[in-house]
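Okay, structure first, notes after.
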Amino acid sequence: MRPVIVVSVIVLASPFIAAEAEKKLTLPQAVALALGQSPQVKRGEEELWLARLEEPGLLALSDPVFSARAGIQGDRGPRSAPVIQGASSDAQILDLTVRQNWLTGTDAQISFKTQRLDNAAIFRPLNPTIDSSLSLNIRQPLLKNFWGRPDVAKRRQARSRVLAAEERLKRLKEEIAAQTTLSYVECLAANEAADIRNSALADAKRLYEKYQEKSRYGLIDASDLLQVRVSVRTHDMELKMAQSLAAQAQTALKTAIYNTNGAEFTGALEWPAPAPVTENEIENPNILQTAFAKRGDYQAARHELERASWFERVERLGTLPDLSAVASYASAGLDARTWRSWSDAASFEHQIMTAGLELQIPFGFKHEGLRRREAGLRLEMARSELRRLEKKIGKEIADARERRRLARTRLDDYRELLDLERSKLEAAEKDFRRGRADTDLLIRFQEDIHRTKALLSRARADEILTAFEVRLALGDLLEIFVL
């Protein structure tokens, strides 16, 4: 029966083991939570969708528009020759039009108009008369739209906006991932610092208990006992401070992942592996070009420059004179009956054709000049922003590379120093038992070990953070996390 009992205990304990495993929060999970619940990311996605609507909005401007107008008119105005013109007239008007504006600036419309006129003039052989017409009218700007093609510039401007929004969103996600990584590692470092302070307090208490035991036999002076007691009290205050800093770091982590009401993560975090960074990679002479090709903020600025250049082209074309070709073709019909008038117009026997040029030149070009100046300033601002980012990225890469070197050196040095501190304490304990060392030296050596442990923990955290900092500076931080 004993094996059955063991199996039963394992089966009963498995839900608790699984529950404990579920409480753990890995760094990729924390980054996924932060990205999934970040209002900045949601806003960036909304800006991206807004940018994607610009080009369909331009294309929608070419949708045909149907318009209809119907009305009546009663003319009782005075006439110079009422016998010839008729004393009064009544008219019924119907106008149906389909109009479409193309992206090339072409304005085309098909119209059907009919008018019934009732006028009892003695010289009108037909009364009433139905006048109908079917016409096609086209107006094509030659300089602004057809020759310069601002429609192409506007569409490319809209596409550059989409690309810039995508790159900004990518960079925003990288920055949020970096901030979450910082909060995660800082929380781990704060918890470990609290553990070190707790261990220091435990060592001080054990030493105090030993000294109390020896003081009963008169082997320890009262001053030595008080000195150890002061050490215990000091470590207790430092532990409280470290625990407070750990609680603040945990709050910062929960805020970073937008989980202010979530479970406590103390003791459930695990140290992440440093991001892969090789010496050849950070020493590559073409590292700046690699960063420029990957960084979302730089690519966004480059697309904003393209967008500004297309906008400047559109406004430059807007200063050209409006020279347009106009043409129309119509067929007219006239009869005393409606259906005969419509049939006459549909027979295309009575054609009316016009063609010509139309020129419009504003006085002064003030509005056009201001718009062109605005476009030029936007273009210069985009160029300046791109140059600023080039310098900023170069500095960030140099700083990240130097901090990476320093962090790795400090980590190796503190590991070696910790071994030396432990050897030093062992030697001091031997000297103390021989009467060659005092209590103050023993306490100081213990403090040196705990201080070195804290410095080693800090160096370990910095070594991890600088690796992620290098990846952030190069613009490929998100590739590390499997989201």
Checklist entry - Above 12 or not: heavy atoms from other molecules or residues under 6.0 Å from NZ of Lys395? => result no
Next on the checklist: Is it the case that the side chain of Ser38 and the backbone of Leu35 share a donor-acceptor pair, with hydrogens and angles ignored and the cut-off at 3.5 Å?
Outcome noted: no
Checklist entry - When you measure from the side chain of Ser244 to the backbone N and O of Lys240, does any donor-acceptor pair fall under 3.5 Å? => result no
Item to check | Residues Arg405 and Glu402 bridged, charged N to O under 4.0 Å | outcome: yes
Item to check | Trp49 atom CH2, neighbour heavy-atom count above 12 within 6.0 Å | outcome: no
Next on the checklist: Quick check against the 3.5 Å criterion: does Tyr184 have a side-chain atom that pairs as donor or acceptor with the backbone of Leu25?
Outcome noted: yes
Item to check | Sole candidate of Arg373, Arg372, Arg371 that passes side chain to side chain donor-acceptor pair (under 3.5 Å) when paired with Glu315 | outcome: Arg371
Checklist entry - Are Arg410 and Asp413 within salt-bridge range, i.e. N to O under 4.0 Å? => result no
Checklist entry - So do the side chains of Leu418 and Arg415 get within less than 4.5 Å of each other, counting heavy atoms only? => result no
Pairs of donor and acceptor atoms involving the side chains of residues 287-295, under 3.5 Å and at least two apart or interchain, shall be tabulated with distances.
| from | atom 1 | to | atom 2 | distance (Å) |
| --- | --- | --- | --- | --- |
| Thr290 | OG1 | Asn286 | O | 3.1 |
| Lys294 | NZ | Asp476 | OD2 | 3.4 |
| Arg295 | NE | Asp297 | OD1 | 3.1 |
| Arg295 | NH1 | Glu396 | OE1 | 2.7 |
| Arg295 | NH1 | Ala473 | O | 3.1 |
| Arg295 | NH2 | Asp297 | OD2 | 2.7 |
| Arg295 | NH2 | Glu396 | OE1 | 3.1 |

Checklist entry - What residues form a salt bridge (Lys or Arg N to Asp or Glu O under 4.0 Å) with Glu304, not counting sequence neighbours? => result Arg168, Arg307
Item to check | Side-chain touch Leu377/Glu374, heavy atoms, less than 4.5 angstrom | outcome: no
Checklist entry - When rounded to the nearest 0.5 angstrom, what is the spacing between CG in Asp151 and CD in Gln157? => result 12.5 Å
Item to check | Polar side-chain atom of Ser199 near backbone of Asp195 as donor-acceptor pair, under 3.5 Å | outcome: no
